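As structure tokens, the structure follows; a few thoughts come after it.
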Amino acid sequence: MAIIITDECINCGACEPECPNTAIYEGADDWRYKDGTSLSGSVVLTNGKAVDADEPQEPISDEFYYIVPDKCTECKGFHDEPQCAAVCPVDCCVPDEDHVETEDELLAKQSFMHPDG
Ligand code: SF4
Ligand code: SF4
């Protein structure tokens, strides 16, 4: 499953540079599928969703740092544990029960975003 940032976030910014998928953004910032990935133009994600990787997307939170579920792989394919949770000083990066995925699905997502490793 993806990781989600709760409203206990103190906006310290420590997690953002640690994410290997560039799935973490500062509150109120737009996000893109292409940021920090190999995706560009029209693509169909491994979950079947068709998206424009270049298009700026609306922020998921205007108040706190947030994680894009479609880009988070729980760090699978890069690290043994979620790096955001490992560095967060207030432990507010927690499993997102609304975005449950298997390890195979997470690894497929990681390979899709980073075909060159
Ligand atoms: S779990 Fe890993 S991939 Fe997901 S948001 Fe945190 S650092 Fe990024
Ligand atoms: S490390 Fe934790 S407190 Fe700091 S911005 Fe990230 S989620 Fe928020």
Side-chain angles (χ1 to χ4, degrees):
M1 65 189 78
I3 301 294
I4 191 170
I5 294 174
T6 74
D7 61 8
E8 288 167 48
C9 172
I10 57 170
N11 289 320
C12 73
C15 54
E16 184 186 0
E18 302 302 324
C19 180
N21 292 312
T22 312
I24 303 175
Y25 292 82
E26 186 172 355
D29 278 1
D30 288 346
W31 64 275
R32 295 171 186 77
Y33 284 97
K34 75 169 186 182
D35 296 337
T37 73
S38 297
L39 304 182
S40 72
S42 297
V43 293
V44 178
L45 305 180
T46 54
N47 61 12
K49 195 193 294 183
V51 303
D52 181 343
D54 303 333
E55 192 177 5
Q57 309 286 335
E58 292 287 315
I60 293 174
S61 171
D62 286 332
E63 295 175 70
F64 306 108
Y65 277 74
Y66 66 86
I67 292 171
V68 176
D70 278 350
K71 297 182 77 179
C72 175
T73 65
E74 218 181 303
C75 284
K76 299 284 185 202
F78 291 107
H79 304 287
D80 291 340
E81 60 175 349
Q83 297 300 287
C84 50
V87 301
C88 180
V90 293
D91 294 333
C92 70
C93 302
V94 299
D96 182 353
E97 303 293 345
D98 289 335
H99 292 97
V100 178
E101 296 156 289
T102 66
E103 175 147 354
D104 284 350
E105 286 171 331
L106 291 167
L107 287 171
K109 201 164 146 184
Q110 191 268 349
S111 308
F112 181 74
M113 291 192 287
H114 307 277
D116 300 324

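This one's a predicted model, so the numbers in the text were calculated from it and none came from an experiment. We count ligands from 1, going down the list as the structure has it; atoms in each ligand are counted the same way. Only heavy atoms go into these numbers, but all of them, side chains included; no hydrogens, no water, no symmetry mates.
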Within ligand 2, which atoms have a heavy atom of P89 less than 4.0 Å away? 1 (S)

Shortest protein contact, atom 2 (Fe) of ligand 2 (heavy atom only): C88 SG, 2.4 Å

Enumerated ligand 1 atoms positioned under 4.0 Å from heavy atoms of I67: 5 (S)

Would you mind listing which atoms of ligand 1 come within a distance below 4.0 Å of any non-hydrogen atom of N21? 3 (S)

Do you know the tightest heavy-atom contact between G77 and L107? N-CD2, 3.6 Å

Parallel, tilted or perpendicular: rings of W31 and Y25 (30°, 60°): tilted

Answer yes or no: is there a side-chain heavy-atom contact under 4.5 Å between S40 and D54? yes

Taking only heavy atoms of I3, which atoms of ligand 1 are found under 4.0 Å from at least one of them? 1 (S)

Please find out if atom 8 (Fe) of ligand 1 and some N, O or S atom of C72 are separated by less than 2.8 Å. no

The closest protein heavy-atom partner of atom 6 (Fe) of ligand 1 is C84 SG, 2.3 Å

Under 4.5 Å between any side-chain heavy atoms of F112 and L45, yes or no? yes

Measure the distance from atom 7 (S) of ligand 2 to every protein heavy atom, then report the residue, atom name and distance (to 0.1 Å) of the closest one. C92 SG, 3.5 Å

Check for a donor-acceptor pair, side chain of E16 on one end and backbone N or O of A14 on the other, with a separation under 3.5 Å. no

Check: P89 and C12 side chains under 4.5 Å, non-hydrogen atoms: yes

Under 3.5 Å, is there a donor-acceptor pair between the side chain of N11 and the main chain of E63? yes

Identify the closest protein heavy atom to atom 3 (S) of ligand 2: which residue and atom is it, and at what distance? I10 N, 3.4 Å

Out of curiosity, T73 OG1 to N21 CG, how far, rounded to the nearest 0.5 Å? 4.0 Å

State, to 0.1 Å, how close K71 and M113 come at their nearest heavy-atom pair, and which atoms those are. O-CE, 3.1 Å

Can you tell me the protein heavy atom closest to atom 5 (S) of ligand 2 and the distance? G13 N, 3.2 Å

If the cut-off is 4.0 Å to any non-hydrogen atom of C19, which atoms of ligand 1 fall inside it? 3 (S), 5 (S), 7 (S), 8 (Fe)

Run the numbers for me: atoms of ligand 2, each under 4.0 Å from some heavy atom of C15, listed by number. 1 (S), 5 (S), 6 (Fe), 7 (S)

Residue portion contacting ligand 2 (non-hydrogen atoms closer than 4.0 Å) for V90: side chain

Please list the nearest protein heavy atom to atom 4 (Fe) of ligand 2 with its residue and the distance rounded to 0.1 Å. C12 SG, 2.3 Å

Atoms in ligand 2 flagged as close to C93, the criterion being non-hydrogen separation under 4.0 Å: 7 (S)

So is I5 touching ligand 2 or not, going by heavy atoms under 4.0 Å? yes

Element-labelled atoms of ligand 1 that are located less than 4.0 Å from some non-hydrogen atom of P82: 1 (S)

Residue T73 vicinity, atoms of ligand 1 by number, heavy atom under 4.0 Å: 3 (S)

For ligand 1, which atoms, with element, lie under 4.0 Å from some heavy atom of I24? 5 (S)

Quick one: pull up OG1 in T37 and CZ in R32 and give me the separation to the nearest 0.5 Å. 11.5 Å

Rounding to 0.5 Å, atoms CD1 (I4) and SG (C93) come to a distance of 10.5 Å

Protein heavy-atom partner closest to atom 8 (Fe) of ligand 2 - residue, atom, separation in Å: C9 SG, 2.4 Å

Could you list the atoms of ligand 1 found under 4.0 angstrom from a heavy atom of C75? 1 (S), 2 (Fe), 3 (S), 7 (S)

SG on C92 to CG on D7, rounded to 0.5 Å: 8.5 Å

Would you say the side-chain atoms of E18 pair up with the backbone N or O of C15, donor to acceptor, closer than 3.5 Å? no

